[in-house]
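To start, the structure itself, in structure tokens.
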Amino acid sequence: MKPFTFLISGCGSAGRSVAQVATQDGRGRIAGLVDPQPHQLDQQSELYPDASLGDDFAALLKETCPDVAVIAGPDHLHAEQTLVALEYGSHVLVEKPLATTVEDARRVVAAAEASDLEVMTDHTMRYMHPWGPMSKAAQEGQVGEIFFIQGDYIHDMWSYYSQHGGTHTPWRADQDHPQNILLGGGCHPIDLILWTIDSPVVEVFAYANKMTVPEFPSDDCYILSLKFASGALGKVLVTSGCAGHGMGGGMLAIYGAEGSLWQGKLYRRSEEPVELADQQGEIVGGHGWAGAVVDFLDVLEGKKPNPIPARFGAKTVAVCDAAFRSMASGKPEGPEEL
């Protein structure tokens, strides 16, 4: 079987990592690379000398006719580029978040489900230890009925926002389309929470502030309270302005009637904590792209169902949208159904 051809839109860490995993797996070949920054294209062209290069996504789609479009550029372009790729007949692996508005998420879901193409939302934390094994343990009932669940995204993003930072990424702090850190970072714990608990969110109450990163034109700290239809409660803390990162309770913590899951261990009364096995495999680029891309290739070959279809990716967008509406109204708001 011939390798699937890939067009990579966005040659930052996500696009580079997806390309690396797909080609090393042997089932992917890079046909095209899209990025507005010439130095990013130059670096990747050395690895993929046969790939077409450019900064016009639609033009490269037309030229290369790829089996797969990887949408890995700025968040506000995800939905529109996914829709264009579907029009051209390409499967899509779209980086999180699926979209930045509920309206765009709805459009993507409708287009994906009207096609015979696969759209997978690349929520990579599912493929990392200990978060993936913790979620699966809860799904298997190892803590009983969940009564509280929380997740944190605590990350010092100054180096990405500031022109003086070593990993400065201009689009993240763009004055017109800055990355919203609730959507762009908080989507990690939100997706893990929604994947873990088999109950829809019915209310979101949220606050935000901007007190720590002058270079960033938007809020840099969010806290969300969640209420689920089951009666369970949840909490999400997101900050990109802390000095340091990775502190707090971690990306996921789960508390059930029969046990708790915290920092990769299962706790039950009168029993020694049990360390969850690391079955996640290789970590590429600091995220779970190795597992996600292999899963997507398996989906394309018909070996498994799509683990994160567009409709599931849209649920995270809907929770964030409810948080934004709550901040405006000062009251709890319900996520829209998608």
Side-chain angles (χ1 to χ4, degrees), residues 2-37 40-41 43-45 47-48 50-100 104 108 111-112 115 117-127 169 171 179 184 187 284-301 306-310 312-313:
K2 291 184 178 179
F4 295 103
T5 54
F6 278 65
L7 174 64
I8 309 292
S9 178
C11 294
S13 60
R16 293 195 303 268
S17 298
V18 171
Q20 176 185 333
V21 175
T23 53
Q24 288 181 351
D25 177 272
R27 289 180 286 173
R29 179 177 68 81
I30 308 306
L33 298 162
V34 182
D35 202 287
Q37 300 186 66
Q40 295 277 38
L41 290 176
Q43 290 176 4
Q44 291 303 289
S45 66
L47 297 174
Y48 311 108
D50 296 329
S52 298
L53 310 177
D55 60 5
D56 188 322
F57 177 66
L60 264 290
L61 270 172
K62 185 175 181 179
E63 176 185 336
T64 60
C65 299
D67 299 310
V68 176
V70 175
I71 311 302
D75 295 353
H76 70 279
L77 299 179
H78 288 185
E80 198 60 43
Q81 290 192 345
T82 297
L83 292 168
V84 172
L86 289 172
E87 289 178 6
Y88 275 86
S90 298
H91 302 286
V92 180
L93 179 63
V94 54
E95 283 302 310
K96 55 74 192 169
L98 176 76
T100 54
D104 280 349
V108 171
S115 75
L117 300 165
E118 296 289 350
V119 177
M120 178 173 160
T121 318
D122 199 7
H123 281 292
T124 55
M125 290 301 137
R126 297 189 184 196
Y127 296 90
T169 312
W171 73 265
Q179 181 183 45
C187 62
V284 173
H287 284 243
W289 282 297
V293 174
V294 170
D295 256 11
F296 187 59
L297 289 166
D298 286 346
V299 169
L300 297 184
E301 289 189 338
N306 190 333
I308 323 176
F312 202 105

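All values derive from a computational prediction rather than experimental measurement. In this chain, numbering begins with 1 at the start of the sequence shown.
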If you define the side chain from C-beta out and look only at heavy atoms, does anything of [X] sit under 4.5 Å from [Y]?
X      : Y      : value
Arg16  : Gln40  : yes
Trp289 : Gln20  : no
Val92  : Leu117 : no
Tyr127 : Asp295 : yes
Val294 : Val21  : yes
Val18  : Asp122 : yes
Thr23  : Tyr48  : yes
His78  : Asp75  : yes

Output the distance between atom [atom1] ([X]) and atom [atom2] ([Y]), rounded to the nearest 0.5 Å.
X      : Y      : atom1 : atom2 : value
His91  : Phe296 : NE2   : CZ    : 7.0 Å
Leu7   : Lys62  : CG    : NZ    : 15.0 Å
Arg27  : Asp25  : CZ    : CG    : 4.0 Å
Arg126 : His287 : CZ    : NE2   : 15.5 Å
Cys11  : Gln44  : SG    : CD    : 5.5 Å
Ile30  : Thr64  : CD1   : OG1   : 10.5 Å

Which atom names give the shortest non-hydrogen contact between [X] and [Y], and what distance separates them?
X      : Y      : value
Ala79  : Asp104 : CB-CB, 3.6 Å
Ala58  : Tyr88  : O-OH, 4.0 Å
Asp55  : Val34  : C-CG1, 3.9 Å
Pro307 : Pro309 : C-CD, 3.6 Å
Ala72  : Gly15  : CB-N, 3.7 Å
Gly28  : Phe6   : CA-CE1, 3.8 Å

| Can you check side chain to side chain contact (heavy atoms under 4.5 Å, CB included) on Thr121 and Phe312, steps first, answer last? | CA-CA 8 Å; Thr121 318; Phe312 202 105; over 6 Å; no
| How far apart are the C-alpha atoms of Leu98 and Val108, what are their side-chain angles, what is the distance that settles it, and do they pass the side chain to side chain contact (heavy atoms under 4.5 Å, CB included) test? | CA-CA 8 Å; Leu98 176 76; Val108 171; 3.8 Å; yes
| query | Hey, which of Val68, Asn306, Asp67 is the one that makes side-chain contact (heavy atoms from CB on, under 4.5 Å) with Leu300? | reply | Val68
